[in-house]
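Computation of the quantities below employed the complete heavy-atom set of this structure, encompassing side-chain atoms and omitting hydrogens, waters and symmetry-equivalent molecules. In what follows, chains are A, B, ... by sequence order, proteins preceding strands, each numbered from 1.
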Number of protein chains: 2
Amino acid sequence: MASNLKKKAGKREVIIKEAAFLFKEKGYGSASMRDLAERVGVEAASIYSHIKSKDEILEEICFRIAGEYVSHISKIENEKSSYTDKVKAIINLHIRLMVEDAASVAVTNNDWKSLSEPKLSIFKTLRKGYEARFARLIEEGIAKKEFAPMNVSVAMFTILSSIRWVELWYNPERSITEKELEKDITNLLLKGLKK
Amino acid sequence: MASNLKKKAGKREVIIKEAAFLFKEKGYGSASMRDLAERVGVEAASIYSHIKSKDEILEEICFRIAGEYVSHISKIENEKSSYTDKVKAIINLHIRLMVEDAASVAVTNNDWKSLSEPKLSIFKTLRKGYEARFARLIEEGIAKKEFAPMNVSVAMFTILSSIRWVELWYNPERSITEKELEKDITNLLLKGLKK
DNA sequence: CCTACCGATCGGTAGG
DNA sequence: CCTACCGATCGGTAGG
């Protein structure tokens, strides 16, 4: 009985997790609910006992990831540390999420445009808020002479998107560890390519 | 007569151009040929006088962009310049293509996975070849002590993907010019955020 | 969770 | 380039 309940509660998670893999592989628009059902191991109609719509799955994936970012940046802002360390913490956050749940991060990055209203607008607002807070940390870092003077938006977006490739390249069988990956990316972004 | 012929030759281009905008906006899988026909201003069936299939349009977009990259890197390799300047030239190439044809670059980045075989494999091979050549330039730059020692793949992918955000942010109405954008991104990647 | 099925929409073709 | 239409597949529902 208890195991039955647990199985049922877990099924929704299984569906969302498999959906993340599927959407990452094929793209949201090209993935069908029948594809998803096959991966989960049930008939297509059965999926709908656990979720309301294909849309809802995308929402769940995108807002979970967005929530992760937003909740962590508050902590980083409040830490008593240098701006260099705050930016390092943000880079670290993005790499960690990417390594821990590459599929969901990839889907959020690639398919958030397929969100339907009003969720699309809410997502955009969340993202803009996050970006504004990150931009402010860079701005303050420049003001405190920790960072070189430069266009704040350019710096922020360059850092944010520079981590996206990890999705395509990194897998646990690589000879490089997450720690090394993080160190190399952070060094490159903070100190540059040049010797 | 001559104008009729020209009109016909141009129509295929119009279709591919509109498709790039459409695919960028909605994603390849979520965009329909009826959407595309409406943008072009004809009935859905009429599209097929100019192209064979939806697939073919995606192929055309992805391989044109891939071709741009591949043809330019040969020139860069053969230039008698420092490795720093070669890397700068590659960054410049990516920014220029992104600014000139943001839609096609975005579609290539986001939807190449929807290519069907054998084009998918060919595309992957092209991309791997390009990456290998870029990686070698970084490797040689490190050997010549122009660049700091680091994992070559990490450096290459970080640089390549760091330019992707331009698609989402840049538009000609921004107060920043393409030249300034390029200078800021190049500086950040070569010298780093830190003062 | 399944069988059976719906209306809508898809990519694409025939024929003019 | 259009009208008319095809078979396949889509997301989703009814009923058990």
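Between the NZ atom of B:K52 and the C1' atom of C:dG12 there is a distance of 14 Å, rounded to whole Å. Here the P atom of nucleotide D:dT3 and the CD atom of B:E43 are 5 Å apart, to the nearest Å. In this structure, NZ of A:K26 is placed 12 Å from P of D:dT9, rounded to the nearest angstrom. Rounded to an integer number of Å, the gap from A:M33 CE to C:dA8 C1' is 17 Å. Atom CD in B:E38 sits about 13 Å away from atom P in C:dT9, given to the nearest Å. The NE2-P distance, from A:H50 to D:dG12, rounds to 16 Å in whole Å. Between A:L36 atom CG and C:dC1 atom P there is a gap of 13 Å when expressed in whole angstrom units. Taking atom CD of B:E56 as the reference point, atom P of C:dG11 lies 15 Å away to the nearest angstrom.
Nucleotide C:dA14 is matched to D:dT3 when pairs are restricted to Watson-Crick or G-U wobble geometry with both distances under 3.5 angstrom.
Geometrically, A:K119 engages A:F63 in a cation-pi contact, judged by NZ or CZ lying under 6.0 Å from the ring centre and within 45° of the ring axis. Seen from the ring of B:F123, B:K128 does not count as a face-on cation partner, given the 6.0 Å and 45° thresholds.
More than 12 heavy atoms of other shown residues, nucleotides or ligands fall within 6.0 angstrom of atom CZ in A:R64.
Here D:dC1 is the nucleotide among C:dT13, C:dC1, D:dC1 with the atom lying nearest to any side-chain atom of B:S46. Comparing atom distances between the A:Y48 side chain and each of C:dT13, D:dC2, D:dT13 picks out D:dT13 as nearest. Ranking D:dT3, C:dG11, C:dC1 by closeness to the B:K54 side chain, first place goes to C:dG11. Checked against D:dG12, C:dC1, C:dG12, the side chain of A:R34 finds its nearest nucleotide in D:dG12. Taking the side chain of B:A45 as heavy atoms from C-beta on, and the options D:dC10, C:dT13, C:dC2, the nearest nucleotide is C:dT13.
Here the CG atom belonging to B:L160 is positioned 11.0 Å from the OG atom belonging to A:S161, to the nearest 0.5 angstrom.
When the side-chain nitrogen and oxygen atoms of A:S32 are compared with OP1 and OP2 of D:dT9, none of them lie within a distance under 4.0 Å.
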Salt bridge (charged side-chain N to carboxylate O under 4.0 Å, His left out) between B:R12 and B:E56, worked out: CA-CA 12 Å; B:R12 191 167 196 272; B:E56 194 195 39; 3.5 Å; yes

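Using a 4.0 Å heavy-atom cutoff across all strands shown, A:A37 reaches no nucleic acid atom at all.
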